[in-house]
Amino acid sequence: MDLAQYKKVWKGQPKEANEVSTLEIYKMTQSKSTSIVKWIFIVGLLEFIFFLVLNLILLEPNHNEIFGNVNLTQFVNFSYYFNYLVVVLFLIIFYRNYISVSTVDDTKTLMKKIIKVRKTVKFYIFYNIFINILMLVIYNIVVFSAPDTIKIVLSNYDIALDESQMMTVYIISQVIAVVMILLFLFLLYYLLYGTLLKKLKKNYKELTKL
């Protein structure tokens, strides 16, 4: 019997039975919430591993040379390490949220924990979107402000074009990169984390009815 069916039976019972049923509904809601928070931690951990592997691939000598040509090697390395640190801190918070939700023993506290979890995940999503856009903006500002940097960047890919054509190719490539990054972030954060947050919100509404 799922939660919706359980509630229908619960409403038609006497007051004494309702008190027992309320406790059972709370336990079911807590169990579902704990499972969702656990999945938030698992998804965050898998995301961290994925981007760690991706960054290691991007930090191959060829890409280090590209960043070096536009004097961004130190900035890129610092941003990677800083982002690793921030993500690890978020993962610790996700894990602590999972532990705290699983050990809650009253409705009001569980409701507060759910609100806290949702706020933490939303902040994590906004941070990741912001940091990716910021790095892309800074990179392009440096590239466009330094002389011949676009030519240097494209020369690493053996593209034989004149100056105007190089500018066009670079701008188009950056537009495509922005669209792909935004699409990826939408799929990752809106669909994946968004689905988990919607389920948490549903559980929160269930608790307000008890």
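This chain uses plain numbering: 1 for the first residue, then up along the sequence.
In summary, the side chains of N83 and Y127 do present a donor paired with an acceptor at a separation below 3.5 Å, with no hydrogens or angles considered.
Under the 4.5 Å side-chain contact rule for hydrophobic residues, L89 and V87 do not share a cluster. Both V137 and V175 are assigned to one and the same hydrophobic cluster, defined by single-linkage of ILVMFWY side chains at heavy-atom distances under 4.5 Å. Both L134 and Y84 sit in one connected hydrophobic cluster of ILVMFWY residues. Membership requires side-chain heavy atoms under 4.5 Å apart, directly or through other members.
Among the candidates L91, N97, L45, V121, the single residue satisfying the side chain to side chain contact (heavy atoms under 4.5 Å, CB included) test with I40 is V121. Of the residues V101, I115, T34, the one that meets the side chain to side chain contact (heavy atoms under 4.5 Å, CB included) test with L110 is V101.
We find the CZ-OH distance between R118 and Y204 to be 9.5 Å, quoted to the nearest 0.5 Å. A distance of 4.5 Å separates CG of L187 from CG of L183, quoted to the nearest 0.5 Å. Put simply, OG1 on T120 and CZ on R96 are 10.5 Å apart, with the number rounded to the nearest 0.5 Å. Here the CD1 atom belonging to I36 is positioned 10.5 Å from the OG1 atom belonging to T195, to the nearest 0.5 angstrom. With rounding to the nearest 0.5 Å, the separation of NZ in K202 from NZ in K32 is 5.5 Å. Here I93 contributes atom CD1 and F41 contributes atom CZ; the two are 12.5 Å apart, rounded to the nearest 0.5 Å.
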Exercise for review: Please lay out, stage by stage, how T29 and N203 fare under the test side-chain hydrogen bond (donor to acceptor under 3.5 Å, both in side chains).
Suggested key: CA-CA 6 Å; T29 305; N203 286 359; 5.7 Å; no
Review point. Would N128 and E47 count as a side chain to side chain contact (heavy atoms under 4.5 Å, CB included) if you check the C-alpha gap in whole Å, the side-chain angles of each, and the deciding distance to 0.1 Å?
Key: CA-CA 11 Å; N128 277 284; E47 178 195 350; 4.0 Å; yes
Practice item. Start with the C-alpha gap between L182 and V178, add the side-chain angles, then the distance that decides, and say whether side chain to side chain contact (heavy atoms under 4.5 Å, CB included) holds. Key: CA-CA 6 Å; L182 292 178; V178 169; 3.8 Å; yes
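A search for ring pair (Phe, Tyr, Trp, His ring centres under 6.0 Å) contacts involving F51 returns F184, not counting sequence neighbours. With sequence neighbours left out, Y98 forms a ring pair (Phe, Tyr, Trp, His ring centres under 6.0 Å) with no residue at all.
Pairing each heavy atom of S79 with each of M135, the nearest pair is OG-CE, 3.1 Å.
Taking 4.5 Å as the limit, some side-chain heavy atom of I42 sits within range of a side-chain heavy atom of K38. Between I114 and L207 the shortest side-chain heavy-atom distance falls below 4.5 Å. In this structure, V88 and I92 have side chains that are in contact, with non-hydrogen atoms separated by less than 4.5 Å.
Under the 6.0 Å cut-off for aromatic ring centres, Y124 and F94 qualify, their centroids lying closer than that. Aromatic rings from F130 and F126 are positioned such that their centres are separated by 6.0 Å or more.
The number of heavy-atom neighbours closer than 6.0 Å to OH of Y95, taken from other residues, nucleotides and ligands shown, is 12 or below.
For the pair S35 (side chain) and S31 (backbone), a donor-acceptor distance under 3.5 Å is absent.
Note on ring orientation: taking the six-membered ring where Trp is involved, the planes of F123 and F90 are tilted (angle from 30° to 60°).
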